[in-house]
**Q** 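There's a structure below that I have some questions on.
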Amino acid sequence: MPVQGLGPYDDTNIFARILRGEIPCRKVFENDHALAFHDINPQAPTHVLVIPKGRYVSAADFAALASDAEIAGLMRAAGHVARMLGLDAPGWRMLTNMGEHAGQEVPHFHLHVFAGAPLGPMLARG
Ligand code: 5GP
């Protein structure tokens, strides 16, 4: 069971369907515990999503319940994506939205990797 906030894991969510191969994605990288693919509606010149293969609703759920190997696998996948795409020198941003106030839309935990241009302030003001 997830820890709080978003309810039980929904196996029909769009990222679960991508993981099962029911919906295509533009894959960037995959390891035993994570899949990385381009966001369908990019918010920066490079916008990659890095998701665990396990059934985790949110960052809170993943942090509390994922194994050390799953946590390492996800973080190493994000780092690998950045290196593969040559993002380290110009720089990149990693972000996750958790729950209602953050505007999380897809209830399968994901990291956003943004890059390719100056990304502006961390949060929109006002
Ligand atoms: P959230 O708002 O939950 O943090 O981010 C969800 C992200 O998933 C959004 O940036 C959205 O564009 C992306 N997304 C939603 N549906 C799909 C899809 O079917 N394929 C891909 N590649 N990205 C999707």
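In this text, all values refer to a predicted model and were calculated from it rather than measured experimentally. This chain uses plain numbering: 1 for the first residue, then up along the sequence. In each ligand, atom 1 is the first atom listed, and ligand 1 is the first ligand listed.
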**Q** What residue pairs, at least two apart or across chains, pass side chain to side chain donor-acceptor pair (under 3.5 Å) with a residue in residues 46-57?
**A** D11-R55, E30-K53, D39-H47, H47-H112, Y56-E70
**Q** Mind running side chain to side chain contact (heavy atoms under 4.5 Å, CB included) on L74 and F62 for me, showing each step along the way?
**A** CA-CA 10 Å; L74 188 82; F62 187 73; 3.8 Å; yes
**Q** Near E100 CD, under 6.0 Å, is it more than 12 heavy atoms from other residues, nucleotides or ligands?
**A**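 Check fails, neighbour count at 12 or below.
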**Q** If you define the side chain from C-beta out and look only at heavy atoms, does anything of L19 sit under 4.5 Å from I51?
**A**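 Yes, their side chains come closer than 4.5 Å.
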**Q** Do any pairs count as a side chain to side chain donor-acceptor pair (under 3.5 Å) and have a residue in residues 78-88, sequence neighbours left out, and if so which ones?
**A**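 Only D88-W92 qualify under side chain to side chain donor-acceptor pair (under 3.5 Å).
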**Q** Please set out all donor-acceptor pairs under 3.5 angstrom arising from side-chain atoms of residues 101-108, sequence neighbours excluded.
**A**
{"residue": "Q104", "atom": "OE1", "partner": "G99", "partner atom": "N", "Å": "3.0"}
{"residue": "Q104", "atom": "NE2", "partner": "V57", "partner atom": "O", "Å": "2.9"}
{"residue": "Q104", "atom": "NE2", "partner": "V106", "partner atom": "O", "Å": "2.9"}
{"residue": "H108", "atom": "ND1", "partner": "Y9", "partner atom": "OH", "Å": "2.5"}
{"residue": "H108", "atom": "NE2", "partner": "P52", "partner atom": "O", "Å": "2.8"}

**Q** Distance under 4.0 Å, heavy atoms only, partner ligand 1: which residues pass?
**A**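 Residues near ligand 1: I14, F15, I18, F37, H38, D39, I40, N41, H47, L49, N97, G103, Q104, E105, V106, H110, H112.
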